[in-house]
Amino acid sequence: MNKILIVDDEPNILLSLEYLFKKEGYEVFIARDGEEAMGIIEENEPELVILDIMMPKVDGYEVCRHLKKNHKGVKVIFLTAKSKQQDIQKGKDMGADLYLTKPFSTKDLANKVKTLMN
Amino acid sequence: MLSNGLIIAFTFGYMALLFAIAYFSEKSASKGKSYASNPYVYSLSLAVYCTAWTFYGSVGRAATNGLEFLTIYLGPSLVAPLWWIVMRKIIRISKVQRISSIADFISSRYGKNITLGGLVTVFCLVGILPYTSIQIKAIATSFDILQYSETTRNLFRIPFYQDTAFYLALALALFTILFGTRDIEATAQHEGMVMAVAFESIFKLVAFLTVGVFVTYFIYDGFQDIFNQAALRDLDHLFVLQGDNGVSEWFWISVLSMMAILFLPRQFQMSVVENRDEKHLDKAMWLFPLYLLLINIFVLPIALGGLIHYPEASVDADTFVLALPISYNQGWIAILVYLGGFSAATSMIIVSTIALSNMVSNNLIMPLLLINDRLKNRYQHKLGNIVLWIRRGTILFIILLAYVYYKEISAHFSIVSIGLISFVAIAQFTPAIIGGIFWKKGARIGAMAGIIAGFLIWFYTLVLPTIVTAGFLPESLMEEGLFGIYGLRPQHLLGMEGMSYVSHGLFFSLTLNLMLYVLISLFTTQSSKEHNQAVVFVDIFKYSTTLDSSIIWKGQAYLPDLKTLLYNFLGEEKAENALLEFSFSTGKTLSNQNYADPELVNYSERLLSGIIGAASARIMVGSVVKEEEISMEEVLGILRETQELKSLNIELRQKSVALKKATSKLQSLNETLRLNDMLKDEFISTVTHEMKTPITSIRAFSEILMDEDLPEEDRKRFLDIIIQETNRMSRLIDQVLDLERFDSGKQKLSLEKIDLRILILQSAESMLQLLKEKELKFEINFGFDQMELMVDEDRIKQVILNLLSNASKFAKTRVLLHSFLEGDYLVVQVKDDGKGVPEEEIPFIFDKFFQAKNQTSKKPIGSGLGLAISKKIVEYHGGQIRVFRDGNLTVFEFSLPLYEEVKEQTQIQKTYE
């Protein structure tokens, strides 16, 4: 089974995404901040990570950097409210596979994840 | 006493030392460090006034006339305070007009007249020649004494090629040429020469003081002893102030020396041309008299000591300073004295000769060369070089001539008498110069007449007698007068008796000179050139800051011709530099013009004046300019215009300063506006960002709810969340609008008289449930019984609730609510025992959207606007809100004013923050 990690400091968003992907049949892990996320990555080695950027303690960029350095095979999707042109560019430059902005469409997100996983 | 070879060695050694000093200071100056630009050096350089006369002659004079020797020092000391008026003006004029000598000064003042310049030069030569020769005499005599311990040898019979003095004179000429004629510009300053002269001033002072101390304290037992012994020998008449001829003698000689200190060519050179800063005058005014005092202290003791020691005039009193140490076998002191006298003599010769050579080249030879068109064209291209070589030749010529005069004539006379004769010659320039700088009406013809007449009388009363004494003219002239007319006896004109030889000559020459100058000037009209110069000289302090205050040119000047002229004299490189400088300072470009404008012509003339003198410069420039007559009115008009322009300029500058101030004020206002704009933008982007979060949840869950397979439990839950988030958004929007109203001042508080205790308790009540759920202890405390204030009830409740809600999020075990009175305020405090607000965040905590980082607990539901709004509410009520730490408790505190006045004050304060 494919493993997904969802990182966001908003509990409701975590909830909605957890429900969504569990329904799609993935094994879902959640983290409320970057620190937690890194711990889960080490322990459970998910194949795909959905990252919010603005989070306390360790932000999404750092997690992304960490992944690109140490877990090159893992797919990274930024899911964030930061929607300015330069933010999008920055995200792409960091090596993310996808950069999506909030609010998002659940169907759209699910499809994209499916594509990436294959 | 000492061998010829040894003395020569010392002499040349000393000259080598001088050379070294001069050389190194020139080197240093060319690198930028000028030792001569120093008030002390300046004052010392003025001491070139003290020559062999001071060194030898004073003692000689004191031995016959007692304290009368002091008169030539009294003059300068008395007049020194006046220097600030006279000297300062002369220096300023000379700098502005680029004047390099006395002759130039006079010539320039009276319309840049060549004849006058030439006349002054010739008279200076004639007047100073005797003086120069006695310096050589002093050197020769002292050399001789040192060698043979006696002066009985007749020095004047030795053929010149065997005469050491001749070779010394040549060496001096060489030294002078080397350091006085490096730069073609006569107004250029001679760093090396000034330093050498200053050194010599110190040296001669030290030498004289040494011999003075020796005589007073070693030969005798101090001042008292000398005077006692002198009295015993009937020499006490020398202690008294009155000389042979009474008080009037003192008066005349003092006046004479006042003029000498100002106008002697060497004094003019050092005090005016070599002056580097007008402010140095302030120090020199008292330093120089001090020097004079020091060098004269021991004169009388030495004179008396000599008279006591050498009875019956066996030794010439002029030589006491040298003879005494030799008699006591003090070889080293003798050498020191010899070198001291050498110093004194050589400094005079060097400076004087340089000054004279400048005058000769600029005011005598150059004009002659230039007047003759043929000569001018022939030498056109080498003029710069020619000027330098003329000067060098002149230096050699003057010194050699002085040597000849020494051998032929000055043998017969004492140093002092010849010196005084020279002084009277120079004094003839006084009316022309002093009149020239203070009296606009002083005219050229008057000056010329005065000077010529003065010189004639000078010659007749003072020089003629010396020629008679030397045997070149019959004695009968002295006794019977010219053509046998009794009233024309050279020493008793008009039957005047009772004046000494010198004061008699001074009186008559100066009186006639002054009378002619004043009377003729009163009845002549000046030419426009003359008048222009008169105005510029007399009013120098008004005009010296304008770019050009020389004669205004009117006419056409062909630029290439002007350029060629400058090339010829300055050399191509310097000329180009000068032209560049002109462009820079005036902003005018020269390259594409055929005709030079008047300003450039003036500038060129000034440049050339510095090299060849004002009169010659005028001729040269005149030759390339087709000049038109410019009337007096025009000249004055232009001068006036320049003054007006100056004041306009000042006004302009003031306006520009004001404008700059206004602009910077506008700029800072603009900055503030832009900042506010930016903050507004930031606010909007933050708000929209904040809104995205609830919207994201709402959308996500809405899409999830579309699924028909959704379990009922989840469906309920998710709908709940949607409603929650909708509320959240709603609240956010409300808060933003609220804040906006506060900011724009449109907020209205509905104030009512409320009992604060009840209000606080009501707020607390609504939080009880929440606090219980969180298992936090809640404590309420009141420091007053009843208090009714005009407040907006809902709003204050809002604030308290906000604070309590925050406290509940952070508290570990308890929350405290205190309220009490303090001063003019009612204070409410909400305390919790949580982590607290970090030091660095305290200033920002009440800012919009600021949310404290590093929270270990869950993300608060608050939007970050709560505290910002609370702050606005409190401030609208005229109160203040703050946060601080009290032990392990975090305290949020707000205060409300009890009285209307306090509230208004605080509100006003807040508006201006």
Side-chain angles (χ1 to χ4, degrees), chain A residues 4 6-26 28 30-37 50-60 62 77-88 99-113, chain B residues 681-682 684-729 732 809-810 835 838 841 849-864:
Chain A
I4 295 187
I6 309 177
V7 190
D8 199 309
D9 56 346
E10 268 288 329
N12 286 334
I13 295 185
L14 276 179
L15 188 63
S16 58
L17 287 172
E18 190 184 13
Y19 184 87
L20 181 66
F21 286 108
K22 271 201 176 131
K23 193 130 182 288
E24 292 283 313
Y26 297 98
V28 179
I30 56 169
R32 270 166 304 189
D33 56 60
E35 200 179 302
E36 237 185 284
I50 298 181
L51 276 177
D52 183 22
I53 294 178
M54 303 304 282
M55 293 184 290
K57 290 197 208 145
V58 179
D59 69 19
E62 266 213 61
I77 301 181
F78 276 124
L79 182 61
T80 172
K82 284 164 80 78
S83 56
K84 285 199 240 171
Q85 191 53 42
Q86 56 242 60
D87 300 318
I88 301 175
Y99 190 102
L100 298 171
T101 54
K102 298 178 187 167
F104 57 90
S105 147
T106 47
K107 250 197 210 108
D108 186 59
L109 180 62
N111 285 338
K112 289 205 164 102
V113 168
Chain B
D681 282 341
E682 235 180 88
I684 291 181
S685 69
T686 320
V687 169
T688 45
H689 194 276
E690 287 296 308
M691 298 236 223
K692 285 198 189 149
T693 314
I695 291 183
T696 311
S697 299
I698 294 171
R699 177 165 179 179
F701 283 118
S702 306
E703 286 178 359
I704 290 173
L705 281 167
M706 299 261 274
D707 184 11
E708 281 138 9
D709 293 331
L710 198 62
E712 184 63 27
E713 203 185 78
D714 288 337
R715 203 173 68 90
K716 279 214 182 104
R717 190 172 164 207
F718 294 164
L719 278 170
D720 211 18
I721 290 177
I722 290 176
I723 295 172
Q724 249 180 57
E725 293 294 314
T726 319
N727 287 339
R728 185 169 153 191
M729 271 197 69
L732 180 64
K809 287 176 207 151
F810 288 90
K835 269 186 70 190
E841 289 176 16
F849 288 123
F850 185 85
Q851 279 160 328
K853 300 189 175 80
N854 303 322
Q855 294 158 8
T856 48
S857 53
K858 285 191 217 139
K859 189 171 176 179
I861 321 166
S863 61

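Note on naming: letters A, B, ... go to the chains in the order of the sequence lines (proteins, then strands), and numbering restarts at 1 for each one.
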K.L.:
Need one label for B:Ile722: side chain, backbone, both or neither, based on atoms under 4.5 Å from any heavy atom in chain A.
P.N.:
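B:Ile722 has no heavy atom closer than 4.5 Å to chain A.
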
K.L.:
If you measure from the Lys or Arg side-chain nitrogens to the Asp or Glu carboxylate oxygens, is any gap between B:Arg717 and B:Glu713 under 4.0 Å?
P.N.:
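So B:Arg717 does not pair with B:Glu713 through a salt bridge.
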
K.L.:
For A:Ser105, is it the side chain, the backbone, both or neither that has a heavy atom under 4.5 Å from a heavy atom of chain B?
P.N.:
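Answer is both: backbone and side chain atoms of A:Ser105 are under 4.5 Å from chain B.
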
K.L.:
Quick one: which residue pairs count as a ring pair (Phe, Tyr, Trp, His ring centres under 6.0 Å) with a foot in residues 692-713 of chain B, not counting sequence neighbours?
P.N.:
B:Phe701-B:Phe718

K.L.:
What verdict does the side chain to side chain contact (heavy atoms under 4.5 Å, CB included) test give for A:Val58 and A:Asp33, after you've listed the backbone C-alpha separation in whole Å, the side-chain angles of each residue and the deciding distance to 0.1 Å?
P.N.:
CA-CA 6 Å; A:Val58 179; A:Asp33 56 60; 5.9 Å; no

K.L.:
Can you list the residues that meet the side chain to side chain donor-acceptor pair (under 3.5 Å) rule with A:Lys23, with sequence neighbours excluded?
P.N.:
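In terms of side chain to side chain donor-acceptor pair (under 3.5 Å), with neighbours along the sequence ignored, A:Lys23 is linked to B:Asp707.
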
K.L.:
Less than 4.5 Å to any heavy atom of chain B: does that hold for the side chain of A:Tyr19, its backbone, both, or neither?
P.N.:
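For A:Tyr19, the contact with chain B is made by the side chain alone.
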
